[in-house]
Amino acid sequence: MSENVINLHKATDPPTADTAPTVLTVVPDAPPARPVPLWVRSGRAVKAVATHETTRAAARAATRHSLYTFNGGRIAARRAWDGRTGSRYERMIRAAEAAGNLEAAEEWEERLQRFRAARHHRRMDLLHSPVEAAKGVAVGAGMSIGVLVALGVVMAINTGQVSDVVTPLSATVDFIALLIRIVQVVWGPALSVGPFLALLALWSVGRKQHAAPAWALPANVRNSEGEPITPSIVVKALRDLGVPALRNAIKEMGDAGASMLGPITIAGCGVEVDVTLPSGVSTIEVQNRRRKLAENLTRHEHEVFITLPTAARTVRLWVADSGALDEPIGPSPLVTDDTMTADYTKGKAPWGQDLRGDAAALSLYQRHLLITGLSNQGKTVALRSLALWLSLDRSVQFLMGDLKGVGDWAMFDGLATTLIQGPTDEHVIQVTEMVEGAVDEMNRRIQAPPGTVFPPLIVLVDEAQVAFMCPAKDADKRPYGGSKANSRYFMAVRKIHNQGRAVNVLMWQGTQDPTNENLPKLVREGAHTRASLALGTESQARMALGDKAVDGGAAPNLLRPGLDQGTLVLASSGIAIPAGQSSITVRTHYIDDDAAEAITDRAKALRDGVTTLHAIDRSPEHDPLADIAAVIGDAPRVRTKDVLARLGTRNADAYGGWSFLDLKRVLDDAGAEPHKSDGVMVVSRDRVVRALANRDSEGSASAE
């Protein structure tokens, strides 16, 4: 069709509203699709067939049964060689010497000597056996013929036929001829079938030993429980790890690699062994092949942990019993022991168990804390269990901000001094001002006379990434979130990290999915105790725990999200870590909400009663004279410039711009004028206190 527009009405008809011309647009015909070349279609068909599950299953079966036969022959040949020679004894001697067990080595050497002596006697007997065998055959044949002839004579006498004398002999000859004919008939088929029977026997040997790669084995074999860990299994797993230098070194070792291994010891729900790698093999080559090593040991990846002890060129393997890590570890002592109390200074929180099955207890004394991990991995429960234990020390004070706001920390109402719960920007603002208030308290403590002892103050923020990512700004355009020098939450946390530890003001944070945006580097590196649950990548693991811990074998990114809930990797000086390791894996106790309520009820019974604030009073009203008295503290007199500096720290908005004249005006009005002492202007504590007392008494009188 050449026309693109067709008028469906006659040209003579006048157009009206009802009979407006209808225009039909005709789209030109699309060019015909180019036919797919035959070779492309053939390639797609071949690919579809090659990648089909049936084809892959057939390929696995063919590979499996072929290797069963081949490796079965190797196994049979090795067994035959071991049976004919003393190689088996020699291997056991070298292994015993490598393990330092000289008594076992001597015993195997005695067995080898007895085997060689017996073999020598057998070989000497073979030198005389042909003559003895010939004599035996001759004597046996003569006796047999004599017996047959005698039997024939008896038959001849009985029957009166002389020919019966040779009847037994002829019957024997006929029987032997029959056997020869049978052998002649059977020999040909036997020669044809014999090789197939031999191959079948070798295939059977290989099948029983599963002598094929793991990927080619049947599913029920691949998924079977892991076999016990023995030296030979460990050496074989290392040999097949895919490191050429390691494989060649093991082949060249006279003890077949046994000298690399230390003693295999039981460690909790698994075993532990140190492996000294040969020259030319680095520890990182083994660490990077954790999954393959686990599969070679017939374990899952999460059931094998590789760490680096103090010895050079050595890796420490911890191999769990198959399925043991999927079993729960039992309730927390906080739940089972109603009489348990806490000691912030000298005690340790019962947090869970390490991989050995030993109790994992963490010291919280003067240590900032950071726990991170993916969502729904048990971060809040792990952090809360530490706070629950510490709440049983009546001297500890809590400032808490829960930026998730679903009630995970509701049981601390009536126990914490401040408890802010909610995910909105307003809640972030409240939490930020709570942390800034803790900074003011820290500065007050720092300025106190030396030797003053302060109660522990735990500033806890759960879901701290919400604060770092908050876009809100204050009236001066300062952001609450972010990681810049004017970011309020970031700077408040940094100040506590820098100086809070000395006066028992500690920062605890829990955060999700660490990145540079939601967990700035300076904040995460300011924590003394860093713990991580399951993470997605190695880069996140380095953010959570630091390069040293990850380079030393810490791998929270290899934990299974959803399956290893509550299992975390911990780097801290507050917990006993095996020598030479930079981290430890802990399976934390699970304390549900009801149990947490019971524990906080016990904690509240230890205290006189705490009124919990659920919001920060941001009213601009302040009392200059009372603030002056507060910053002076117990000192008899303080220099005016120090008073000004302390006021600015206490409330930067109210006193940040004050000069000496402003301070003097307030003091003069109150009758507590500054005066000189030793040539410098000072403010007297007694004058300020007296002025406050007079003002309060006058206020009371006027009220009456």
Side-chain angles (χ1 to χ4, degrees), residues 366 397 399 417-418 432-457 459 474-476 478 485-486 488-507 613 616-696:
Q366 292 189 346
Q397 302 172 1
L399 301 177
T417 305
T418 302
T432 300
E433 294 180 349
M434 177 190 76
V435 178
E436 289 174 339
V439 173
D440 294 338
E441 171 64 14
M442 176 189 72
N443 292 331
R444 185 188 70 79
R445 294 183 178 190
I446 292 174
Q447 296 169 4
T452 306
V453 179
F454 299 103
L457 175 61
V459 185
D474 62 12
D476 297 327
R478 295 173 56 198
N486 62 342
R488 292 182 59 176
Y489 180 79
F490 169 76
M491 290 306 299
V493 173
R494 285 293 300 143
K495 289 176 182 178
I496 294 178
H497 278 176
N498 290 337
Q499 295 180 297
R501 176 177 176 271
V503 290
N504 283 333
V505 178
L506 303 177
M507 191 75 207
L613 300 178
I616 303 298
D617 183 10
R618 301 201 299 270
S619 117
E621 297 179 1
H622 56 277
D623 185 349
L625 188 62
D627 290 341
I628 292 172
V631 299
I632 291 176
D634 298 328
R637 64 184 63 86
V638 178
R639 292 190 299 179
T640 53
K641 68 174 185 177
D642 292 338
V643 173
L644 286 172
R646 295 180 185 181
L647 286 172
T649 302
R650 181 179 181 86
N651 191 335
D653 295 334
Y655 307 112
W658 267 32
S659 65
F660 171 76
L661 294 178
D662 297 316
L663 176 63
K664 185 175 184 301
R665 174 178 52 78
V666 172
L667 293 175
D668 289 345
D669 292 344
E673 302 83 0
H675 63 281
K676 279 191 175 183
S677 175
D678 297 330
V680 296
M681 294 299 294
V682 298
V683 179
S684 172
R685 175 182 175 276
D686 292 340
R687 292 185 181 183
V688 174
V689 171
R690 189 183 309 111
L692 279 174
N694 293 337
R695 186 188 68 178
D696 293 340

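Counting begins at 1 with the first residue of the sequence. Because the structure is predicted, anything quoted here is derived from the model rather than measured.
- Counting only heavy atoms from C-beta outward, the side chains of His675 and Val682 approach each other to under 4.5 Å.
- For the atom pair CZ (Arg444) and CZ (Phe454), the distance works out to 6.0 Å, reported to the nearest 0.5 Å.
- Side-chain atoms of Arg687 and Arg690, non-hydrogen and from C-beta on, do get closer than 4.5 Å to each other.
- Among all heavy-atom pairs drawn from Val439 and Lys495, the shortest one is CG1-CD, 3.8 Å.
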Inset, instruction - Go through the steps for Val435 and Met507 under the test side-chain contact (heavy atoms from CB on, under 4.5 Å), then give the verdict. - result: CA-CA 9 Å; Val435 178; Met507 191 75 207; 4.3 Å; yes
Legend entry - Test side-chain contact (heavy atoms from CB on, under 4.5 Å) applied to Gln447 and Asp642, step by step: CA-CA 10 Å; Gln447 296 169 4; Asp642 292 338; over 6 Å; no
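- Residue Leu647 holds its CG atom at 8.5 Å from CD1 of Ile632, rounded to the nearest 0.5 Å.
- Rounding to the nearest 0.5 angstrom, the gap separating the CE atom in Met442 from the CG atom in Asn498 is 8.0 Å.
- Between Lys664 and Pro674, the shortest heavy-atom contact is CG-CG, 4.2 Å.
- Side-chain contact between Asn504 and Leu457: absent, with no pair of heavy atoms (C-beta onward) separated by less than 4.5 Å.
- Minimum heavy-atom separation, Val505 to Arg445: CG2-NH1, 3.7 Å.
- Interatomic distance, CE of Met681 versus OG1 of Thr640, reported as 6.5 Å (0.5 Å rounding).
- Asp662 contributes a side-chain N or O that, together with a main-chain N or O of Ser659, makes up a donor-acceptor pair within less than 3.5 Å.
- Considering only heavy atoms from C-beta on, Glu673 stays 4.5 Å or farther from Leu667 through its side chain.
- Within the 4.5 Å cutoff, no side-chain heavy atoms of Pro624 are placed close to those of Asp627.
- For CZ of Arg646, the number of neighbouring non-hydrogen atoms (other residues, nucleotides, ligands) closer than 6.0 Å is greater than 12.
- Distance check: Glu433 CD to Thr418 OG1 gives 11.5 Å after rounding to the nearest 0.5 Å.
- Glu436 CD to Ile496 CD1: the interatomic distance, rounded to the nearest 0.5 Å, is 9.5 Å.
- Between Ala670 and Ala691, the closest heavy-atom pair is O-CB, 3.3 Å.
- With a 4.5 Å cut-off on side-chain heavy atoms, Asp669 and Leu625 do not count as touching.
- Here the shortest heavy-atom pairing between Leu399 and Ala438 reads CD1-CB, 4.0 Å.
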Inset, instruction - Could you go through the side-chain contact (heavy atoms from CB on, under 4.5 Å) check for Tyr655 and Val631 one step at a time? - result: CA-CA 12 Å; Tyr655 307 112; Val631 299; over 6 Å; no
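- Asp474 contributes a side-chain N or O that, together with a main-chain N or O of Asp476, makes up a donor-acceptor pair within less than 3.5 Å.
- Nearest heavy atoms, Pro455 versus Gln397: CG-NE2, 3.7 Å.
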